[in-house]
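Below you'll find the structure, written out as C-alpha cells, and then a few comments.
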2 protein chains.
Amino acid sequence: MTLTEENYLKAIFHLSTEKQDVSVLDLANSLEIKMPTVNSMVKKLAAKGLLIYEKYRPLSLTESGRLEAGVIIRKHRLVEMFLVEKMGFQWDEVHEIAEQIEHIDSSVFFDRINELLNHPKFDPHGSPIPDPEGRIASTEYLKLNDGQIGKEYIFTSVAISQSSFLKQINKHGLRLGDKLKIIEILSFDKSIVVSINGQSTENLSGMVAGNILVSE
Amino acid sequence: MTLTEENYLKAIFHLSTEKQDVSVLDLANSLEIKMPTVNSMVKKLAAKGLLIYEKYRPLSLTESGRLEAGVIIRKHRLVEMFLVEKMGFQWDEVHEIAEQIEHIDSSVFFDRINELLNHPKFDPHGSPIPDPEGRIASTEYLKLNDGQIGKEYIFTSVAISQSSFLKQINKHGLRLGDKLKIIEILSFDKSIVVSINGQSTENLSGMVAGNILVSE
DNA sequence: CTTTTTTGTTAGATAAATCTAACAAATTAA
DNA sequence: TTAATTTGTTAGATTTATCTAACAAAAAAG
C-alpha cells in the first residue's frame with residue numbers, strides 16, 4: 001500500500017466513526033483533496049477490495065479495508081503513547097509526528113514500542129489501540145454535550161487530536177480521568193458548565209464539549 | 001525537498017567519501033535506478049543549486065548540497081543511536097529502520113532524541129554525527145587492509161552498515177574499541193590475521209577487512 | 001413538481017519519478 | 001589510431017496522484 005492509500009483508508013475509517021454515511025465530498029474535505037481526485041482514488045481502492053463503491057452511493061470500508069486502517073491507526077497510537085511516555089512530549093505535540101511515523105514499514109519497530117510500553121490498550125488521548133491485526137475495541141463513549149444536567153461522568157477520551165483543541169483542554173484544567181458533573185447548560189449558546197472533581201467549575205463551549213468523550 | 005531528492009543527495013555524499021570522482025553510473029548503481037532517470041534528476045538537483053553538473057563530467061555536491069545531505073545523515077545516525085541505546089536494538093538491525101525515519105520532518109523530534117542521548121558525537125557504527133547545520137567532522141580512519149603487519153590499531157568504525165556484514169563482525173567476536181594487531185597478511189587471498197585485544201586471533205577476508213575502519 | 005443547489009462523475013491536463021530505445025561521447029583495447 | 005566497449009545523453013512513454021472544466025444526478029427549496 002502506498003502512503004496515499006493509507007491516508008485515504010484512515011480518513012474513511014475516522015469519518016465512519018463520526019457519521020454513518022461517508023460521502024465522496026466528506027472524504028475530499030477531510031483530506032483537502034479535490035473531489036475528482038478522490039473519485040478516482042476510491043475506484044482504485046474499491047478495485048483492490050478495500051472499500052465498497054457504487055456510483056452516487058455512500059462509501060464504506062470492507063472488512064479488509066477496516067483492518068488495514070486499523071493497523072495504521074494502531075501504529076499511530078502506539079507512537080503517540082511512546083512519544084509521551086518514553087520521550088517526554090506533551091499530549092498536544094504528538095499527533096503531527098505520529099502522522100508521519102505511522103507509515104514506517106517495520107514490524108520489529110512497532111513490536112518493540114509495544115513491548116517497551118507494556119502493551120498499552122489506550123493512547124494518550126484515551127483512544128483504544130487496535131490489536132496487531134487491526135481489530136479495534138468498540139468503545140461506548142458519550143459526547144459531553146449529550147450528557148444530562150446533574151449527572152457525573154468520567155472524562156475518558158477526546159474525539160480529535162488537533163493541538164489547538166488539546167491546548168484549550170489543558171487551559172480549562174481538564175485531564176483524562178477527571179470527574180465532570182454537568183451543572184448547567186446555558187440556553188444561549190449551549191455551552192456547558194461543569195464541576196471538575198467536585199472542586200473548580202468551568203464553562204465549556206459547545207464546540208469543546210462536543211469533542212470531550214465521557215463514560216458513566 | 002522530496003524523499004527522492006534526499007536519497008539522491010545522500011547517495012552522492014556517501015559515494016564521494018568512497019571515491020573522489022562520482023559518475024552518473026555510480027549513482028545509478030548505488031540507487032538501483034536506471035541512468036537516464038539519474039541523468040535527469042541530477043540536472044534538476046543542479047538547477048536547485050545542490051550539485052554541480054556538466055555534461056560528461058563527474059558529479060560533485062555544492063556546499064549547500066553537502067549540508068543538506070549532512071542534515072539527513074545526522075537524522076539517520078541519531079535515530080540509529082536511539083534505537084540501540086534507548087530501544088534495545090542490535091547494531092545490525094537499525095539501518096533499515098533509520099533509512100525510513102531519517103525522512104521524518106520534525107525538528108522537535110530529532111532535537112529530543114539528541115537530548116535524550118546527551119548529544120552523541122558518533123553512531124553505533126562509529127560514524128560521526130553531523131552537527132545540526134549538517135557539517136560533518138572529518139575523520140582520519142584507515143581501512144584495516146591498508147594497515148601494516150605487526151602494528152596495533154583500534155577498531156573505530158565500519159564503512160558500511162549492511163546487516164549481513166555487521167552480523168559477520170559479531171561472528172568474528174569484534175566490537176568497536178577492540179585493539180587489533182595485524183599478525184599476518186596471507187598472500188593467496190590477502191586475508192588478514194589479527195589478534196583481538198591480545199587474546200584470540202581471527203582470520204578476516206579482504207572484503208571484511210576493507211570495511212573495518214581503524215585508528216592508531 | 002419544477003427549479004435551484006449540492007454532490008458526484010467524466011474527460012483530459014499536469015508534475016514527479018520512473019522506464020526503454022536509440023544514439024553520442026569518452027575511454028580502453030587491439 | 002582505428003575499433004570496441006563503456007559511459008552518458010536525448011527523446012519519448014508510463015504510472016501515480018493530483019488538478020480544472022464541463023456535465024450529470026440527487027437532494028433541497030420554492
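Heavy atoms only: backbone and side chains are in, while hydrogens, waters and symmetry mates are out. Naming convention: chains lettered A, B, ... in sequence-line order (proteins, then strands); numbering from 1 in each chain.
Evaluation of the side chain to side chain donor-acceptor pair (under 3.5 Å) rule for Lys171(B) yields no partner, not counting sequence neighbours. For the side chain to side chain contact (heavy atoms under 4.5 Å, CB included) test, residues two or more places apart in sequence or in another chain that qualify with Thr62(B) are Ile52(B), Ser64(B). With sequence neighbours left out, the ring-ring contact (aromatic ring centres under 6.0 Å, His included) criterion links His95(A) to His76(A). The side chain to side chain contact (heavy atoms under 4.5 Å, CB included) test applied to Tyr56(B) returns no partner, not counting sequence neighbours. Residues satisfying the side chain to side chain contact (heavy atoms under 4.5 Å, CB included) criterion with Asp21(B), sequence neighbours excluded, are Pro58(B).
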Only pairs under 3.5 Å count here: list side-chain donor-acceptor contacts from residues 28-35 of chain A, not counting sequence neighbours, and write none if there are none.
| unit_1 | atom_1 | unit_2 | atom_2 | d |
| --- | --- | --- | --- | --- |
| Asn29(A) | ND2 | Leu25(A) | O | 3.4 |

Indicate every side-chain donor-acceptor pair of residues 159-167 of chain B with a distance under 3.5 Å to a residue at least two apart or in another chain.
| unit_1 | atom_1 | unit_2 | atom_2 | d |
| --- | --- | --- | --- | --- |
| Gln162(B) | NE2 | Ser164(B) | OG | 3.0 |

Donor-acceptor contacts, no H, no angles, side chain residues 104-113 of chain A, under 3.5 Å, sequence neighbours left out:
| unit_1 | atom_1 | unit_2 | atom_2 | d |
| --- | --- | --- | --- | --- |
| Ser106(A) | OG | Phe109(A) | N | 3.2 |
| Arg112(A) | NH1 | Met87(B) | O | 2.9 |
| Arg112(A) | NH1 | Gly88(B) | O | 2.9 |

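Spacing between atom CG of Leu25(A) and atom C1' of dG8(C) amounts to 9 Å, rounded to whole angstrom units. With rounding to whole Å, Glu54(A) atom CD is found 20 Å from dT7(C) atom P. Computed from coordinates, the Ile33(B) CD1 to dA17(C) P distance equals 10 Å when rounded to whole Å. We find that CZ of Arg57(A) is positioned 13 Å from C1' of dA27(D), with the value rounded to whole Å. Following rounding to the nearest Å, Leu31(B) (CG) and dC19(C) (P) show an atom-to-atom distance of 10 Å. To the nearest angstrom, P of dA17(D) lies 5 Å from CE of Met41(A). Nucleotide dA27(D) holds its P atom 11 Å from the OH atom of Tyr56(A), rounded to whole Å. Distance CG (Leu27(A)) to P (dG8(C)): 10 Å, rounded to an integer number of Å.
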*Protein proximity profile, nucleotides 10-16 of chain D - base contact B, sugar-phosphate-only contact S, no contact -, cut-off 4.0 Å on heavy atoms*: BB----S

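Residues of residues 5-14 of chain A having a heavy atom closer than 4.0 Å to DNA chain D, listed by number: Tyr8(A).
Residue whose closest nucleotide on DNA chain D sits further toward the 5' end, between Leu3(A) and Val22(B): Val22(B).
Axis angle across the helix from dC1(C)-dG30(D) to dA30(C)-dT1(D), with five pairs used at each end and values rounded to 10°: 0°.
Identified under the side-chain hydrogen bond (donor to acceptor under 3.5 Å, both in side chains) test for residues 65-75 of chain B, with sequence neighbours left out: Glu63(B)-Arg66(B).
Residue Lys34(B) places its side chain closer to dT20(C) than to any other of dT9(D), dT20(C), dC19(D).
Distances shorter than 4.0 Å separate some side-chain N or O of Thr37(A) from OP1 or OP2 on dC19(D).
Shown here is Glu140(B), whose CD atom has no more than 12 heavy atoms of other residues, nucleotides or ligands within 6.0 Å.
Listed for the Lys190(A) side chain is no donor-acceptor partner under 3.5 Å among the backbone atoms of Phe188(A).
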